[in-house]
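The structure under discussion appears below in the form of structure tokens.
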Amino acid sequence: MRPNRPSPRARGPAHHRPAEGQRGNAEGVWLHGLHPVAAALANPARRLRRLLVTREAERELAERVPNPWRITPELVERDRLAALLPPESVHQGAALLVEPLPELLLEKVLEGSTGPVLVLDQVTDPRNVGAILRSAAAFGAAAVVMQDRHAPQETGSLARAASGALEVVPILREVNLSRALQALKKAGLWVVGLEAAGPVTLAQSGLQGRRVALVLGAEGEGLRRLTRENCDELVRLPIMPAMESLNVSAAAAVALYELVRE
């Protein structure tokens with residue numbers, strides 16, 4: 001871990017706004033909000049660089065993650081945080097500069113959990129991806145697989161939407177999604193594409209006893225042709241005819257519940 005910086009009594013934070021979406025750069029990633037910051041503090045795999053907190057936020061974080069922390073907090077006023085973070089960031093008095101999480105191998109992730117795997121086909125909205133991560137953590141998913149391109153990078157807004165789940169559910173980024181689906185099949189998972197025109201509902205597909213990789217497409221476009229062709233089967237959710245589809249994060253939550261319920 002890199003040495004801590006001096007407290008704000010000696011030196012205050014720089015007055016510049018970090019660009020969202022920069023992954024692995026020299027500055028790192030600013031997480032903000034009590035849930036994301038507390039989860040990162042509790043995650044031993046997360047490399048911490050700098051923690052800025054108000055006195056109130058420091059007390060609340062200490063209730064969630066007991067001291068000693070792996071980093072010394074710097075006390076600041078709320079307006080200093082607002083000046084540092086991107087506009088409209090809901091920081092709740094806490095911001096943590098971190099390095100992006102280390103990339104993991106698919107084989108190791110599958111060995112570490114028996115839960116389903118979510119595969120996202122060009123889902124680009126960081127708020128949707130964050131909400132999907134939150135549902136993945138709630139229902140015990142082993143990982144979320146995304147493309148290296150056409151997918152959001154690790155940012156404060158994604159972490160905020162994930163409400164701490166970014167530190168819990170591994171994200172695997174793949175250059176070629178079709179090859180990733182083939183690798184999941186070789187590992188023994190049944191690859192199921194969620195599509196409005198699927199011939200059967202998820203509940204009717206007879207997946208009991210099978211470990212599933214659930215594939216979700218972008219809103220509007222859905223699954224791409226090659227992704228669809230690499231699925232073992234296509235299923236749908238039983239929604240009313242008046243509504244064409246669900247938001248992808250809502251669909252993920254409903255489908256995960258169906259997969260893991262007794």
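Since the structure is predicted, the reported quantities are computational estimates derived from the model, not experimental observations.
Not one N or O on the side chain of D121 forms a donor-acceptor pair closer than 3.5 Å with the backbone of V215. Checked by atom type and distance alone, the side chain of R236 pairs as donor or acceptor with a backbone atom of P199 at under 3.5 Å. In this structure, R134 contributes its side chain and S163 its backbone to no donor-acceptor pair below 3.5 Å. Between the side chain of Q122 and the main chain of H150, no donor-acceptor pair closer than 3.5 Å is present. Counting only distance, with no hydrogens or angles, the side chain of D232 and the backbone of V192 share no donor-acceptor pair below 3.5 Å. Of the possible donor and acceptor atoms, none in the side chain of S135 sits under 3.5 Å from a partner among the backbone N and O of I132. In this structure, R46 contributes its side chain and E99 its backbone to a donor-acceptor pair below 3.5 Å.
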*Please assess E111 against L105 for the test side chain to side chain contact (heavy atoms under 4.5 Å, CB included), listing each intermediate value before the final yes or no.*
CA-CA 10 Å; E111 289 172 4; L105 296 176; over 6 Å; no
_I'd like to know whether V53 forms a side chain to side chain contact (heavy atoms under 4.5 Å, CB included) with L75, so could you lay out the CA-CA distance, the side-chain angles of the two residues, the decisive distance to 0.1 Å, and finally the verdict._
CA-CA 5 Å; V53 291; L75 293 176; 3.9 Å; yes
*Determine, stepwise, if the pair L234 / L223 fulfils side chain to side chain contact (heavy atoms under 4.5 Å, CB included).*
CA-CA 10 Å; L234 300 175; L223 299 177; 4.2 Å; yes
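The line from OG of S157 to CH2 of W30 is 15.5 Å long, rounded to the nearest 0.5 Å. We find the CG-CH2 distance between L48 and W69 to be 11.0 Å, quoted to the nearest 0.5 Å. Atoms CE and CG, from M146 and L118 in turn, are 11.0 Å apart once rounded to the nearest 0.5 Å. Put simply, CG on L51 and CG on L31 are 10.5 Å apart, with the number rounded to the nearest 0.5 Å. In this structure, CG on L84 lies 10.0 Å from NE2 on H32, to the nearest 0.5 angstrom. Note that the CG atom of L177 and the CG atom of D148 stand 11.5 Å from one another [nearest 0.5 Å].
Considering every non-hydrogen atom in both R70 and A40, the closest pair reads NH2-O, 3.3 Å. The shortest non-hydrogen separation linking L246 to V254 is CD1-CG2, 4.5 Å. Across every non-hydrogen atom of P238 and T201, the tightest pair is CB-CG2, 4.0 Å. Closest of all the heavy-atom pairs between A180 and E174 is CB-CG, 3.6 Å. Summarising the geometry of G140 relative to S113, their closest heavy-atom pair is O-OG, 4.1 Å, with the distance given to 0.1 Å. Here the closest non-hydrogen pair linking L81 and A94 is CD1-N, 3.7 Å.
Grouping the Ile, Leu, Val, Met, Phe, Trp and Tyr side chains by contacts below 4.5 angstrom, directly or via other members, places V145 apart from V212. Both L194 and L259 belong to a common hydrophobic cluster when Ile, Leu, Val, Met, Phe, Trp and Tyr are linked at side-chain heavy-atom distances under 4.5 angstrom. Clustering ILVMFWY residues whenever any of their side-chain heavy atoms sit less than 4.5 angstrom apart, transitively, puts V200 in the very cluster that holds L207. A continuous path of hydrophobic side-chain contacts links L158 to V248 [ILVMFWY only; heavy atoms under 4.5 Å]. Taking hydrophobic clusters as Ile, Leu, Val, Met, Phe, Trp and Tyr residues chained together by side-chain heavy-atom distances below 4.5 Å, V90 does not share a cluster with V129.
In summary, R225 and E229 engage in a salt bridge, as defined by a charged side-chain N under 4.0 Å from a carboxylate O. Between E74 and R50, at least one side-chain N (NZ, or NE/NH1/NH2) sits under 4.0 Å from a carboxylate O, which counts as a salt bridge.
Atom CZ of R127 has 12 or fewer heavy atoms from other residues, nucleotides or ligands within 6.0 Å. Residue E77 places its CD atom among 12 or fewer non-hydrogen atoms of other residues, nucleotides or ligands, all under 6.0 Å distant. Within 6.0 Å of atom CZ in R179, 12 or fewer heavy atoms from other residues, nucleotides or ligands are found, so the atom counts as exposed in its surroundings.
In this structure the side chain of V109 reaches within 4.5 angstrom of the side chain of P170, judged on heavy atoms. Side-chain contact check for L110 versus L189: some heavy-atom pair is nearer than 4.5 Å. Counting only heavy atoms from C-beta outward, the side chains of L101 and E167 approach each other to under 4.5 Å. For the pair I171/L133, a side-chain contact is recorded, criterion being any heavy-atom separation below 4.5 Å from C-beta on. Counting heavy atoms from C-beta on, the side chains of P116 and L256 come closer than 4.5 Å.
Of the residues L85, L96, L97, V76, the one that meets the side-chain contact (heavy atoms from CB on, under 4.5 Å) test with L52 is V76.
In this model, no donor atom of one side chain and acceptor atom of the other lie less than 3.5 Å apart for H91 and R160.
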